[in-house]
Participant: 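Please find one structure pasted underneath; my questions will follow.
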Amino acid sequence: QVQVVESGGGLVQVGGSLRLSCAASGSTSSINAMGWYRQAPGKQREVVARITSGGSTNYADSVKGRLTISRDNDKNTAYLQMDSLKTEDTAVYYCAADFRSSQAGVSDRYWGQGTQVTVSS
């Protein structure tokens, strides 16, 4: 069974830092991309950052320059380095892993259960 597990959330003050980790496992297929998403109460889930298997990255404008996504050698673990945190960064952060499908142009997305990040003033 595919598992996507996030860790590293917590409570920090404005300007502080956190490092989130996301480990994906349990699939025989490769991962096309991994991404971090977040959802605050009463708001829709939004993409924070994504990284492809080739290392290309994309960021939401609101986090660019403060949050950095990366991956390790096995391409099944992603990290989100969070610096200069703001109160508006408070949300549940979810990791998604897009596994390669047998069908061309299709990925199978699996989600983690989320990790809470709270930034206090």
Side-chain angles (χ1 to χ4, degrees):
Q1 300 86 344
V2 174
Q3 282 191 299
V4 180
V5 181
E6 308 99 330
S7 62
L11 174 64
V12 297
Q13 295 185 34
V14 170
S17 297
L18 285 173
R19 184 174 174 86
L20 307 184
S21 298
C22 172
S25 63
S27 177
T28 59
S29 60
S30 301
I31 295 178
N32 290 329
M34 300 183 73
W36 288 97
Y37 302 75
R38 67 186 181 187
Q39 186 169 24
K43 298 183 179 180
Q44 295 184 8
R45 182 167 53 192
E46 63 176 349
V47 62
V48 176
R50 284 177 56 80
I51 186 167
T52 69
S53 59
S56 298
T57 59
N58 287 283
Y59 296 93
D61 289 341
S62 60
V63 306
K64 196 172 184 65
R66 300 186 300 110
L67 277 59
T68 304
I69 190 170
S70 62
R71 60 180 175 87
D72 68 7
N73 289 342
D74 63 18
K75 299 183 180 180
N76 287 351
T77 302
Y79 305 93
L80 186 67
Q81 179 65 46
M82 310 171 71
D83 298 318
S84 302
L85 284 166
K86 305 176 180 179
T87 55
E88 50 261 47
D89 294 318
T90 296
V92 177
Y93 283 71
Y94 297 91
C95 179
D98 297 339
F99 288 87
R100 187 171 301 166
S101 172
S102 60
Q103 184 176 350
V106 177
S107 295
D108 298 324
R109 176 166 291 178
Y110 294 88
W111 293 90
Q113 291 186 331
T115 184
Q116 176 71 47
V117 172
T118 302
V119 185
S120 65
S121 60

Participant: Nearest 0.5 Å, please: how far is CG in Asp89 from OG in Ser84?
Facilitator: 9.5 Å
Participant: Counting C-beta onward and ignoring hydrogens, is there a side-chain heavy-atom pair between Asp98 and Arg50 closer than 4.5 Å?
Facilitator: yes
Participant: Mark yes or no for whether Glu6, through its side chain, and Gly114, through its backbone, hold a donor-acceptor pair below 3.5 Å.
Facilitator: yes
Participant: Do Leu67 and Val14 belong together in a cluster built from hydrophobic side chains that touch within less than 4.5 Å?
Facilitator: yes
Participant: Take Leu20 and Val117 through the side-chain contact (heavy atoms from CB on, under 4.5 Å) test and state the conclusion after the steps.
Facilitator: CA-CA 9 Å; Leu20 307 184; Val117 172; 4.1 Å; yes
Participant: Is Ile51 close to Trp36 at the side-chain level, that is, under 4.5 Å between some pair of heavy atoms?
Facilitator: no
Participant: If you round to the nearest 0.5 Å, how far is CG of Leu80 from CZ of Arg19?
Facilitator: 9.0 Å
Participant: Tell me if a side-chain donor or acceptor on Thr90 pairs with a main-chain N or O of Val119 at a distance below 3.5 Å.
Facilitator: yes
Participant: Determine whether more than 12 heavy atoms belonging to other residues, nucleotides or ligands lie under 6.0 Å from atom CD of Gln13.
Facilitator: no
Participant: Val5 and Tyr79: same hydrophobic cluster, using ILVMFWY side-chain contacts below 4.5 Å?
Facilitator: no
Participant: Would you say CD of Gln3 has more than 12 non-hydrogen atoms from neighbouring residues, nucleotides or ligands within 6.0 angstrom?
Facilitator: no
Participant: How far does NZ of Lys86 sit from OG of Ser121, to the nearest 0.5 angstrom?
Facilitator: 14.0 Å
Participant: Using every non-hydrogen atom in the two residues, find where Val2 and Ser27 come nearest and quote the distance to one decimal.
Facilitator: CG2-CB, 3.7 Å
Participant: From Cys22 SG over to Trp111 CH2, what is the distance, rounded to the nearest 0.5 angstrom?
Facilitator: 10.5 Å
Participant: Take Ser53 and Asn32 through the test side-chain hydrogen bond (donor to acceptor under 3.5 Å, both in side chains) and record every step on the way to the result.
Facilitator: CA-CA 5 Å; Ser53 59; Asn32 290 329; 5.4 Å; no
Participant: Out of curiosity, Arg45 CZ to Arg38 CZ, how far, rounded to the nearest 0.5 Å?
Facilitator: 14.0 Å
Participant: So which atom in Ala24 and which in Ile31 form the shortest heavy-atom distance, rounded to 0.1 Å?
Facilitator: CB-CD1, 3.8 Å
Participant: Do Tyr110 and Tyr37 belong together in a cluster built from hydrophobic side chains that touch within less than 4.5 Å?
Facilitator: no
Participant: Which atom pair, heavy atoms only, marks the closest approach of Ile69 to Gly35?
Facilitator: CD1-CA, 4.3 Å
Participant: Would the number of heavy atoms belonging to other residues, nucleotides or ligands and lying under 6.0 Å from CD of Gln113 be above 12?
Facilitator: no
Participant: What are the two closest heavy atoms between Gly9 and Thr115, and how far apart are they?
Facilitator: N-OG1, 3.1 Å
Participant: Just so I know, are the side chains of Arg66 and Met82 near enough to count as touching, which here means a heavy-atom distance under 4.5 Å?
Facilitator: no
Participant: Search all heavy atoms of Ala91 against all heavy atoms of Ala40 and return the closest pair with its distance.
Facilitator: CB-N, 3.9 Å
Participant: What are the two closest heavy atoms between Arg71 and Gly54, and how far apart are they?
Facilitator: NH2-C, 3.7 Å
Participant: Nearest 0.5 Å, what's the OG-CD distance between Ser62 and Glu88?
Facilitator: 8.5 Å
Participant: Is there a chain of hydrophobic side chains (I, L, V, M, F, W, Y, each step under 4.5 Å between heavy atoms) that links Val48 to Leu18?
Facilitator: yes
Participant: Side-chain heavy atoms nearer than 4.5 Å, only ILVMFWY residues, links allowed to pass through others: does that put Tyr59 and Tyr93 together?
Facilitator: yes
Participant: Does the side chain of Asn76 reach to within under 4.5 Å of the side chain of Ser25, using non-hydrogen atoms?
Facilitator: no
Participant: Can you tell me if Ser29 uses its side chain to pair, donor with acceptor, with the backbone of Arg100 under 3.5 Å?
Facilitator: yes
